[in-house]
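Sequential numbering from 1 along the given sequence is applied to the chain's residues. The basis for the numbers below is simple: all heavy atoms, side chains too, and nothing from hydrogens, waters or symmetry mates. Atoms within each ligand, like the ligands themselves, are counted from 1 in listed order.
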Amino acid sequence: MKFFIDTANLEQIKEANELGVLDGVTTNPSLMAKEGIKGQEAILNHYVTICNLVNGPVSAEVISTDFNGMVKEGEKLAALHKNIVVKVPMIKDGVKAIKWFTQNNIKTNCTLVFSAAQALLAAKAGATMVSPFIGRVDDGNWDGIQLIEQIRLIYDNYGFNTEILAASIRTSLHIVRCAEAGADIATCPLPSI
Ligand code: G3P
């Protein structure tokens, strides 16, 4: 199982990296804002800094919600560094954009996944990774771990090589249960590692 850190905080990224068990980083616009990183240039520079700290995939999220906007942003992000994975939301145009990125050899992380049907759609479009938000599924009184089990079964049934990146992890028990359920990756803030 791979461990990613879910933050844009450079100190926490360094600390997790020094543990020697860090495989990658996930970020999102709210995590960037939390660090006070504002404006396009600062955000792009911050991604490059993270890529230079960690030898592994770094998810950088698009903000647009229309196909053309996502493609334009994603191309720019992917050109920053070879480790960038373009994070695309699970919405109709997002699926279309993931397909486009796949055909153009750009890696993607399909985010905001809350159901097995959405995970199946993301894999069909060729997503490199899919991010089920297990904590938020639990918040809605559903079972986030069961969602990971369902996705694992579906991907294995059809040989999809999309990696299951368990996100919205809140506890170390979540990580262990995700490992049991066959998630390929767990991403969480430093205190959960
Ligand atoms: O990776 C998704 C994460 O940033 C959201 O986590 O705990 O706010 O649901 P949470």
*Measure the CD-CG distance between Gln118 and Leu147 for me, rounded to the nearest 0.5 Å.*
9.0 Å
*asked:* Please report the interatomic distance CG(Leu121) to SG(Cys110), rounded to the nearest 0.5 Å.
replied: 8.0 Å
*Test item: side-chain donor near acceptor, Ser30 and Asn28, under 3.5 Å*: yes
*Please state which protein non-hydrogen atom is closest to atom 5 (C) of ligand 1 and give its distance, to 0.1 Å?*
Arg136 NH2, 3.6 Å
*For Asn28, counting its heavy atoms only, list the atoms of ligand 1 lying under 4.0 Å from any of them.*
4 (O)
*Enumerated ligand 1 atoms positioned under 4.0 Å from heavy atoms of Ser168*: 1 (O), 2 (C), 6 (O), 7 (O), 9 (O), 10 (P)
*With hydrophobic residues grouped by side-chain heavy-atom distances under 4.5 Å, do Leu173 and Val21 end up in a single group?*
no
*asked:* Can you see whether Thr187 engages Thr26 through a side-chain donor-acceptor pair at a distance of less than 3.5 angstrom?
replied: yes
_Ion pair Asp139/Arg170, N-O distance below 4.0 Å_ = yes
_Per-atom contacts of ligand 1 with Arg170, taking only distances under 4.0 Å to non-hydrogen atoms_ = 7 (O), 9 (O), 10 (P)
*Check each atom of ligand 1 against the heavy atoms of Ala167 and keep those under 4.0 Å away; list them by number with element.*
1 (O)
*asked:* I need the contact type for Ile169 against ligand 1. Using non-hydrogen atoms and a strict under-4.0 Å cut-off, is it side chain, backbone, both or neither?
replied: neither
*State the atoms of ligand 1, each with its element, that fall below the 4.0 Å cut-off from a heavy-atom position in Asp6.*
1 (O), 2 (C), 3 (C), 4 (O)
